[in-house]
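Heads up: the structure comes next, in structure tokens.
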Amino acid sequence: MATNEATLAGNKEGAVKGKTTIADSVVASIAGIAAREASGVYSMGGGVSRTLGAVRGKMSGSDDSARGVQVEVGEKQTAIDMGIVVEYGTPITETVGNIRSNVSEAVESMTGLDVVEVNIGVLDVHVPGADDEEDRESSRVQ
């Protein structure tokens, strides 16, 4: 967990001092949401993680924003690893550059942590129409 010393202004006598702790899962969620905002990202995580996330999402009605994201958080810095699936035809180097920028900006502005690295593994390429066949086959099985 990250621990940041925080000074909160609020009373007339002076500032109130305290300690703020940011859980690793919070940093992972922020990074996951920021990464999904980059154009060309189809999904996050590898095959097993996507499948489990889809099942979890259908059961709970929510999306797992930290899926495919691992973080290492220190007191003042964080390193982020993530796996993505890109849309076919998307320039990968441009997409990962946008992801790094989005993630770094979001995590730093929301948590105050210094993002020292964002490592991205491109795990797959999504071809439009390929999932349509899989969805039809799985609906027949149910």
Heavy-atom check, side chain of [X] versus side chain of [Y], under 4.5 Å:
X      : Y      : answer
Ile80  : Val103 : yes
Glu108 : Leu113 : no
Met82  : Gln70  : no
Glu87  : Pro128 : yes
Val118 : Ile120 : yes

Check [X] against [Y] and note the closest heavy-atom contact, atom names and distance.
X      : Y     : value
Val127 : Tyr88 : CA-CB, 4.3 Å
Val69  : Ala31 : CG1-CB, 4.1 Å
Val85  : Gly45 : CG2-O, 3.8 Å

What is the distance from atom [atom1] of [X] to atom [atom2] of [Y], rounded to the nearest 0.5 Å?
X     : Y      : atom1 : atom2 : value
Gln77 : Glu75  : CD    : CD    : 10.5 Å
Tyr42 : Ile84  : OH    : CD1   : 13.5 Å
Ile22 : Met110 : CD1   : CE    : 9.5 Å
Glu37 : Asn102 : CD    : CG    : 6.0 Å

Side chain to side chain contact (heavy atoms under 4.5 Å, CB included) test vs Thr95 passes for just one of Ile99, Asn98, Ile92, namely Ile99
May I ask you to decide if [Y]'s main-chain N or O and [X]'s side chain share a donor-acceptor pair within less than 3.5 Å?
X      : Y      : value
Ser109 : Ala106 : yes
Arg36  : Ser65  : yes
Ser29  : Ser25  : yes
Thr90  : Val86  : no
Thr78  : Glu72  : yes

>> Is there a path of hydrophobic side-chain contacts, each under 4.5 Å between heavy atoms, that joins Ile33 and Met44?
In response: no
Is atom CD of Glu117 surrounded by more than 12 heavy atoms (other residues, nucleotides or ligands) closer than 6.0 Å?
yes
